[in-house]
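One structure is given below, encoded as structure tokens.
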Amino acid sequence: MGPVGGALIQIVGAGLAGSEAAWQLASLGHLVQVTEMRPGYTTPAHKTRHAAEMVCSNSFKSDDPNSATGILKAEMRRMDSLILRCAEATRVPAGNSLAVDRDLFSSSVTEALKHHPNIEWVEAQVSVPDLQHPTILATGPLTSDPLADWLARITGSGCLHFYDAIAPIVERDSIDMGIAWMASRYDKGGPDFINCPLDQPQYEAFLDSLLSAEQVPLHEVDTPYFEACLPIEVMADRGRETLRHGPMKPVGLDNPRTGRWPHAIVQLRQDTLAGEHFNLVGFQTRLKWGAQKEVFRLIPGLSHAEFARFGSIHRNTYLQAPSLLDATLAVKSVPNLWVAGQLSGVEGYLESAAAGLAAAHSVDRAVRGAAPLPFPQDTILGSLLNYLAHSSSKDFGPTNAMLGLLPPIPEEELDIRGLKRSGGLRAVKAAKGEIHRRRALASLERHLATPD
């Protein structure tokens, strides 16, 4: 990459990745201009003008310290993540997961950015960025068509698309708690989820109604769904037992009225701090709104549900990262340009924010004249960015943080036979996670201490 010019760093898009990148760079002493097209130009999913608006879910996933997301959060906290600080300040009960009141969360991120003396906030649509300045594109999966077209032209490779869906939200007071009950799976964490049980006839009737309900037509039938966020009706169409092994899995949830697991279950997670709204976990959908009322009110406990928001579907955009990006998120063929967040090919809110952190560190080094330095592959963040840069272009698709992306643990560090004897496969999994966590955080410390 050639030399970086100009004193100002521009960030296009104030989603999770853009917000994280802006805060990091401003806190490092750089002058940052954040350009956000909302509210003048909005998207099919966004409702506010705030930064870091979470449009699909309100969850930053598991807090298990030895899971991929738990380790990634530890890495981000070590790098002083604004997103996680605001998330912790606005969290709502969600068992062993970090979930937030999405309105309070995005408002707190917005306030932090707008009051930072090194950040200039501009509300405008950017179609062609000024690459005289170091630029981070963090426009997310709902990148505007003019900017996506420019990016496709300048890189010589078209953007890719997939369909993403949003789950409905219902009003807490409209849920029949004479049928539903509060609990977390296997009683992990507090009793934070509302659980609606279905027996086998109720489950079969729900499936029949779901599979015959009217759906919103897709404008581009060749665009695929993202496998990690399939509409509920698409999952159901793959087999009548699919939902019972997915979002309607009953294991670990004893119905207090029967003392047994139900045949199937629907879980609802608190969506606001005041607790007046709950979203249907895993029930993203492209059903028409009238059909959503009819079908989802068949769920026991939701027969009189009032919907604060219906589910919906929209097209998302991401880059063919292995062909275009290196492991620092720099666009290989275009000087002064980095891409962060879901546009880069990561999937998930937490992963998007982490990519914003990584892009900020890369731009900071470039501005200071230091050589590019990818994050170590044995960190969760580094393994994710390594996947973006080096996976197969032919089969590339958006990916979440996973332990499987990390380098394997040497055999001498893990007594698998002894662990199996003492605690079975669960003990092996826990030990692997602990080793991955310890190794990742130590490696991150060395990386952050690396001199220019």
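All of these numbers come straight from a predicted model, not from anything done at the bench.
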**Request:** Starting from the C-alpha separation in whole Å, work towards a yes-or-no answer on side-chain contact (heavy atoms from CB on, under 4.5 Å) for Met177 and Ile175.
**Result:** CA-CA 6 Å; Met177 296 305 293; Ile175 302 171; 4.0 Å; yes

**Request:** Would you please say whether a donor-acceptor pair under 3.5 Å links the side chains of Arg85 and Ser108?
**Result:** no

**Prompt:** Can you check whether Thr379's main-chain N or O pairs, donor with acceptor, with Glu75's side chain at less than 3.5 Å?
**Reply:** no

**Asked** Backbone N or O of Leu287 within a donor-acceptor pair of the Gln292 side chain at under 3.5 Å?
**Response** yes

**Prompt:** Do the rings of Phe60 and Phe105 sit parallel, tilted or perpendicular, given the 30° and 60° boundaries?
**Reply:** perpendicular

**Asked** To the nearest 0.5 Å, what is the distance between CG (Leu381) and CG (Asn386)?
**Response** 11.0 Å

**Asked** Do side-chain atoms of Arg49 reach the backbone of Arg38 as a donor and acceptor pair under 3.5 angstrom?
**Response** no

**Message:** Please determine whether side-chain contact (heavy atoms from CB on, under 4.5 Å) holds for the pair Leu113 and Leu82, giving the CA-CA distance in whole Å, both sets of side-chain angles, and the decisive distance to 0.1 Å.
**Reply:** CA-CA 10 Å; Leu113 296 179; Leu82 170 69; 4.0 Å; yes

**Item:** Nearest non-hydrogen partners of Ile11 and Ala21, listed with the distance
**Value:** CD1-C, 3.7 Å

**Enclosure of His304 NE2 (heavy-atom neighbours >12, cutoff 6.0 Å)** = no

**Asked** Can you check whether Ile380's main-chain N or O pairs, donor with acceptor, with Ser383's side chain at less than 3.5 Å?
**Response** yes

**Item:** Between CG on residue Leu373 and CZ on residue Phe375, distance to nearest 0.5 Å
**Value:** 8.0 Å

**Request:** Could you verify whether a donor N or O on one side chain and an acceptor N or O on the other, from Glu53 and Ser106, lie under 3.5 Å apart?
**Result:** no

**Asked** Looking only at heavy atoms, which two atoms of Leu384 and Leu405 are closest? And how far apart?
**Response** CD1-CD1, 4.0 Å

**Request:** Sort out for me which residue in Arg102, Arg309, Arg172 forms a salt bridge (Lys or Arg N to Asp or Glu O under 4.0 Å) with Asp271.
**Result:** Arg102

**Heavy-atom donor-acceptor pair, Ser81 side chain to Met76 backbone, under 3.5 Å** = no

**Request:** Would you give the length of the straight line joining atom OG of Ser127 to atom CG of Leu151, rounded to the nearest 0.5 angstrom?
**Result:** 12.5 Å

**Prompt:** Would you say the side chain of Ile71 lies within less than 4.5 Å of the side chain of Leu403, judging by non-hydrogen atoms?
**Reply:** yes

**Message:** Check this for me, if you would: do Lys61 and Glu351 make a salt bridge, where the nitrogen-to-carboxylate-oxygen distance has to be below 4.0 angstrom?
**Reply:** yes

**Request:** Give the intermediate values and the outcome of side-chain contact (heavy atoms from CB on, under 4.5 Å) for residues Lys288 and Gln215.
**Result:** CA-CA 5 Å; Lys288 289 190 172 182; Gln215 302 178 12; 5.9 Å; no

**Prompt:** Mind checking whether Leu388 and Leu329 have side chains closer than 4.5 Å, heavy atoms only?
**Reply:** yes

**Prompt:** For the side chain of Gln24 and the backbone of Asp80, is there at least one donor-acceptor N/O pair under 3.5 Å apart?
**Reply:** yes

**Fill in**
The reported gap from NZ in Lys249 to OG1 in Thr242 (rounded to nearest 0.5 angstrom) is 13.5 Å

**His30 side chain reached by Asn118 side chain, heavy atoms, under 4.5 Å** = no

**Message:** Just verifying a value: how many Å separate Leu243 CG and Asp237 CG, rounded to the nearest 0.5 Å?
**Reply:** 10.5 Å

**Message:** Minimum heavy-atom separation for Leu406 and Gln377, please, with both atom names.
**Reply:** CD2-O, 3.6 Å

**Complete:** Result for side chain to side chain donor-acceptor pair (under 3.5 Å) between Arg91 and one of Asp101, Asp63, Asn58 points to Asp63

**Message:** Closer than 3.5 angstrom, by distance alone: can the side chain of Glu171 be matched with the main-chain N or O of Glu276 as a donor-acceptor pair?
**Reply:** no

**Request:** Check whether any side-chain heavy atom of Ser59 sits under 4.5 Å from a side-chain heavy atom of Met54, and report yes or no.
**Result:** no

**Request:** Would you name the heavy atoms of Trp338 and Ser362 that are closest together and state the gap between them?
**Result:** NE1-CB, 3.7 Å

**Item:** Donor-acceptor contact present, side-chain Glu233 to main-chain Arg286, <3.5 Å
**Value:** yes

**Asked** Does some side-chain heavy atom of Gln342 sit less than 4.5 Å from a side-chain heavy atom of Tyr318?
**Response** no

**Message:** I'd like to know if the side chain of Ser184 and the backbone of Gly190 have a donor-acceptor N/O pair within less than 3.5 Å.
**Reply:** yes

**Message:** Please give me the minimum heavy-atom distance between Ser19 and Ala14, naming the atom from each residue.
**Reply:** OG-O, 3.2 Å

**Asked** Taking everything shown except Glu294 itself, do over 12 heavy atoms lie less than 6.0 Å from its CD?
**Response** no

**Complete:** So CZ of Arg446 and CG of Asp378: to nearest 0.5 Å the spacing works out to 7.0 Å

**Asked** Where does the angle between the aromatic ring planes of Phe206 and Phe283 fall among parallel (under 30°), tilted (30 to 60°) and perpendicular (over 60°)?
**Response** tilted

**Asked** Quick check: does any side chain N or O of Thr135 sit under 3.5 Å from a backbone N or O of Leu131, one acting as donor and the other as acceptor?
**Response** no

**Item:** Least distance between heavy atoms, Val34 atom then Gly13 atom
**Value:** CG1-O, 4.4 Å

**Request:** Take Thr399 and Glu347, measure what side-chain contact (heavy atoms from CB on, under 4.5 Å) needs, and give me the verdict at the end.
**Result:** CA-CA 5 Å; Thr399 189; Glu347 175 58 24; 5.8 Å; no

**Asked** How about Asp452: does its CG atom have over 12 heavy atoms from other parts shown lying under 6.0 Å from it?
**Response** yes

